[in-house]
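Because the structure is predicted, anything quoted here is derived from the model rather than measured. In what follows, every heavy atom counts, from backbone to side chain, and hydrogens, waters and symmetry copies are set aside.
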Amino acid sequence: MQRRTLIKTLTCLGVVSALPFLSATSFAASSHAVSVDDLPELTGELTLYLGRGEGGLYEDVLNAIKKRNPKLKLRIRRGPTAALANSIMAEAKAGVRQADLFWAVDSGTIGQIVGEGLAKELPSDLTSQLQSNFRFSNWAPISGRIRTLPYNPTRVSVDKIPDDIMALPDSDLSIAWAPAYASFQSFITAMRMLEGDKATTQWLKAMNKKAKKYAGELGVVMAVERGEVDLGLANHYYTLRLKSGKPDANLALAFSKNDAGCLVNVSGVLALSENKTASDFIRYLLSKEVQTYLSGEAYEIPLAGQLPPPTGIPSLTDISPPEIDLTKLADIRATLVLMRNAGVL
């Protein structure tokens, strides 16, 4: 899509006027995603609990929605996703519901709310907009991220990288990781589900002897690009973001197969009230304009319609993620205990 076409598309939502810095990223058109032009006007009052994430891009989306719907009074409470989930559950126990919507940056916290029976059923015509593997009756995934193995092609060739995440400790590769990072901990939760606690503990202990720790996964990817290590463990978008500012970066992406190392995790939204405006609000987040914007600016994977992934990663149909119930990634406390016992945290 030409830049002028992207601008026209986003102008429908009001994003362009709020975001004059939009880049000339190219996107393919979709024939299946719903446009905001076909959505109902939002009116009345809503309270949204917004988990922090994506450097303010979620805020840009919300501002665009508010601008397009001047009759909507949107109150936003911001905070770490886990803390907001705890607040929602505490409010429910006290018999006080303050939030109509919860937008979380990972599916684990969504799973906590769903597990407490607090999420409301969503209209089937809304959830059917999502790709088939991401349809749930009481919450809507918004955008996805893949666990990847970013590597430095000047140090190692892709054929030397195992496609089995469990084989990494026995390889000759030098590795960077960020165990304190939330997405890493969701990845370990998935490993526990797929491999069991014993095998996961053994993997962590073996990796801890050879992997170099970083505070976050952007640091992991930067270390790989600088040649400090052969490869790292990180969400896909950190590599795409670094390469967007440095196209000649010494970075490429490898993928494991059918294991936690190729987990597709998501941000997601659920409704906490029967307010019809709450479910209609979610429709805006699944619209072609918002999905395209998050793909182009945050390098996240669109999950509604048939929109393509960001340039630089394969389609979800071309990789081999594990089959896993994303809501069960909520079992993070047991993961943290296991990681501490393994000496990783």
Side-chain angles (χ1 to χ4, degrees), residues 51-53 80-87 89-90 104-116 145-150 161-221 223-224 228-235 238 256-266 321-345:
R52 294 173 185 162
T81 290
L84 291 177
N86 289 334
S87 294
M89 291 184 287
V105 296
D106 70 86
S107 58
T109 47
I110 290 285
Q112 289 181 294
I113 305 302
V114 170
E116 292 292 323
R145 71 290 304 265
I146 309 172
R147 295 300 299 176
T148 61
L149 300 171
I161 300 174
D163 61 9
D164 177 1
I165 197 72
M166 305 304 288
L168 276 184
D170 295 326
S171 72
D172 295 328
L173 300 168
S174 57
I175 302 170
W177 68 352
Y181 189 63
S183 287
F184 182 92
Q185 293 164 8
S186 292
F187 149 66
I188 295 299
T189 303
M191 184 181 289
R192 290 178 50 232
M193 294 169 60
L194 295 166
E195 311 290 344
D197 284 2
K198 182 178 179 180
T200 301
T201 299
Q202 292 173 342
W203 186 88
L204 285 168
K205 288 181 176 179
M207 284 286 288
N208 202 33
K209 293 177 181 178
K210 65 180 302 178
K212 187 174 182 179
K213 288 184 182 180
Y214 292 83
E217 292 190 345
L218 177 59
V220 166
V221 171
V224 173
E228 295 177 13
V229 292
D230 297 324
L231 62 77
L233 306 174
N235 283 342
Y238 289 110
S256 62
K257 294 181 179 179
N258 298 309
D259 60 31
C262 196
L263 174 71
V264 179
N265 204 342
V266 300
E323 294 185 6
I324 197 167
D325 182 349
L326 293 176
T327 58
K328 293 185 178 178
L329 296 179
D331 190 21
I332 193 68
R333 288 187 181 136
T335 295
L336 295 176
V337 170
L338 184 144
M339 292 177 69
R340 291 189 187 103
N341 290 339
V344 172
L345 292 179

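In terms of modelled atom types and a separation under 3.5 Å, the side chain of Arg192 and the main chain of Asp331 share a donor-acceptor contact. Put simply, the side chain of Ser256 gets close to the backbone of Cys262: a donor and an acceptor are under 3.5 Å apart.
Taking every heavy atom of both residues into account, Ala330 and Gly111 meet most closely at CB-C, 3.8 Å. Between Pro162 and Leu173 the shortest heavy-atom distance is CD-CD1, 3.9 Å. Across Ala104 and Thr81, no two heavy atoms sit closer than the pair CB-CG2, 3.6 Å. When every heavy atom of Ala234 is checked against every heavy atom of Thr148, the shortest pair comes out as O-OG1, 2.7 Å. Across all their heavy atoms, Arg145 and Ser183 have their closest contact at NH1-OG, 4.3 Å. Here the closest non-hydrogen pair linking Gly51 and Val105 is O-CG1, 3.8 Å.
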Check your understanding: Can you check side chain to side chain contact (heavy atoms under 4.5 Å, CB included) on Val266 and Ile110, steps first, answer last?
Key -> CA-CA 10 Å; Val266 300; Ile110 290 285; over 6 Å; no
inquiry  = Walk me through whether Asn265 and Ser107 qualify under side chain to side chain donor-acceptor pair (under 3.5 Å).
reply    = CA-CA 7 Å; Asn265 204 342; Ser107 58; 2.7 Å; yes
For Trp177 and Asn208: C-alpha separation, side-chain torsions, deciding distance, then whether side chain to side chain contact (heavy atoms under 4.5 Å, CB included) applies. CA-CA 9 Å; Trp177 68 352; Asn208 202 33; 3.6 Å; yes
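The shortest distance between side-chain heavy atoms of Tyr214 and Val221 does not fall below 4.5 Å. A 4.5 Å side-chain heavy-atom check between Met193 and Leu329 finds at least one atom pair inside the cut-off. Using a 4.5 Å heavy-atom cutoff, the side chains of Trp203 and Ile165 are in contact. Side-chain contact check for Ser174 versus Asp230: some heavy-atom pair is nearer than 4.5 Å. The closest side-chain heavy-atom distance from Leu84 to Asn86 is not below 4.5 Å. Using a 4.5 Å heavy-atom cutoff, the side chains of Leu233 and Val220 are not in contact. You'll find the side chain of Ile175 stays beyond 4.5 Å of the side chain of Val229, heavy atoms only. Residues Arg147 and Asn235 form a side-chain contact, since some pair of their non-hydrogen atoms from C-beta on lies under 4.5 Å apart.
Other residues, nucleotides and ligands place more than 12 heavy atoms under 6.0 Å from the NZ atom of Lys213. By the neighbour-count criterion of 12 heavy atoms within 6.0 Å, atom NZ of Lys210 is densely surrounded, having more than that number from other residues, nucleotides or ligands.
Atom CG of Leu194 sits about 4.5 Å away from atom CD1 of Ile324, to the nearest 0.5 Å. Atom CE in Met166 sits 10.0 Å away from atom CE in Met207 (nearest 0.5 Å). A distance of 9.0 Å separates CD of Gln112 from CD1 of Ile332, quoted to the nearest 0.5 Å. Summarising the geometry, atom CZ belonging to Arg333 is positioned 12.5 Å from atom OG1 belonging to Thr189; distances are rounded to the nearest 0.5 Å.
Each of Leu204, Leu338, Ile188, Leu336 was evaluated against Val344; a single residue qualifies, Leu204, per the side-chain contact (heavy atoms from CB on, under 4.5 Å) test.
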